Undergrad: 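To start, I am sharing the structure in question, which I have written as structure tokens.
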Amino acid sequence: MSSKQWYETFPKALDLNKLIFKIGEVSKMVSVSSRQLRYWEQKGYIKSNRSNNHNSRVYNFYNLLRIANIKNRINQGYTLIGAVHKVNEHGNNLNTVFSFMRESFHGIKMIHGNPAINLGYFDHHHKQILYGIIKSNQEVEYQLINKSDAFN
DNA sequence: GTTCTAACA
DNA sequence: TGTTAGGA
């Protein structure tokens with residue numbers, strides 16, 4: 001029996017590389033069209049992983065963060081190329097990171113005896129909530145749960 | 001239903 | 001960049 005509290009396992013258990021999103025999900029989260037995402041990738045501005053069965057694009061947390069930063073720069077008035085250069089030079093903007101984390105983190109609760117991070121609604125109709133569930137073996141499992149099924 | 005490529009108003 | 005066609 002470990003003396004650690006369950007929440008002490010969070011920093012170690014959070015493997016952001018396991019947090020991957022499909023293009024439609026990224027598009028909604030960052031407000032960048034799928035057309036833009038494909039175009040940006042074609043131009044070499046961003047990257048995606050396509051090693052899955054359907055050869056479809058998936059983005060890990062770091063790719064997502066880069067996209068969010070480019071988008072923010074564009075919102076600030078930069079051109080696409082200007083935004084990319086800015087992000088390449090200065091890396092991720094902390095405000096963007098914090099803003100994203102703040103908007104993504106919607107609290108913690110227990111699901112089936114395991115601590116789970118509420119990452120917020122995952123669709124425009126607010127029917128599904130994304131949870132990052134910390135399993136007993138400390139691995140993280142991301143799961144979409146219907147609002148109606150989300151007890152508590 | 002989602003994503004893919006290619007092409008064009 | 002948006003949108004649409006035509007498949008997977």
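Residue numbering restarts at 1 for every chain, and letters A, B, ... go by the order of the sequence lines. Computed from a predicted structure; not experimentally measured.
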Undergrad: Passes side-chain contact (heavy atoms from CB on, under 4.5 Å), Asn118(A) versus Tyr131(A)? Steps please.
TA: CA-CA 5 Å; Asn118(A) 182 339; Tyr131(A) 283 98; 3.7 Å; yes
Undergrad: Reckon Ser33(A) has a side-chain N or O less than 4.0 Å from the OP1 or OP2 of dG2(C)?
TA: yes
Undergrad: Pick the closest DNA chain B nucleotide for His54(A) and for Arg35(A) by heavy atoms, then say which residue is nearer the 5' end.
TA: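 It is His54(A), whose closest nucleotide lies nearer the 5' terminus.
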Undergrad: Could you check whether Arg38(A) gets within reach of a base, just the sugar-phosphate, or nothing at all, counting any heavy atom under 4.0 Å?
TA: base
Undergrad: Under a 3.5 Å cut-off on both pairing distances, which runs of 3 or more consecutive Watson-Crick or G-U pairs involve DNA chain B?
TA: B:4-8 with C:2-6
Undergrad: Applying a strict under-4.5 Å side-chain criterion to I, L, V, M, F, W and Y, I'd like to know whether Leu144(A) and Val58(A) cluster together.
TA: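 Not linked; separate clusters.
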Undergrad: Between atom CZ of Arg35(A) and atom CH2 of Trp40(A), what is the distance when rounded to the nearest 0.5 Å?
TA: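 If we round to the nearest 0.5 Å, Arg35(A):CZ and Trp40(A):CH2 are 12.0 Å apart.
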Undergrad: I need the minimum non-hydrogen distance between Gly132(A) and Tyr142(A), along with the two atoms involved.
TA: CA-CD2, 3.7 Å
Undergrad: Can you confirm whether Lys28(A) is buried at NZ, in the sense that more than 12 heavy atoms of other residues, nucleotides or ligands lie under 6.0 Å from that atom?
TA: yes
Undergrad: Please list, in 5' to 3' order, the outermost nucleotides of DNA chain B lying under 4.0 Å from any heavy atom of chain A.
TA: dT3(B) to dA7(B)
Undergrad: Show, in sequence, the C-alpha distance, side-chain angles and deciding distance for Glu41(A) and Arg50(A), and conclude whether the side-chain contact (heavy atoms from CB on, under 4.5 Å) test is met.
TA: CA-CA 12 Å; Glu41(A) 178 177 339; Arg50(A) 311 182 68 171; 4.2 Å; yes
Undergrad: Shared ILVMFWY cluster between Leu130(A) and Phe61(A), side chains joined below 4.5 angstrom?
TA: yes
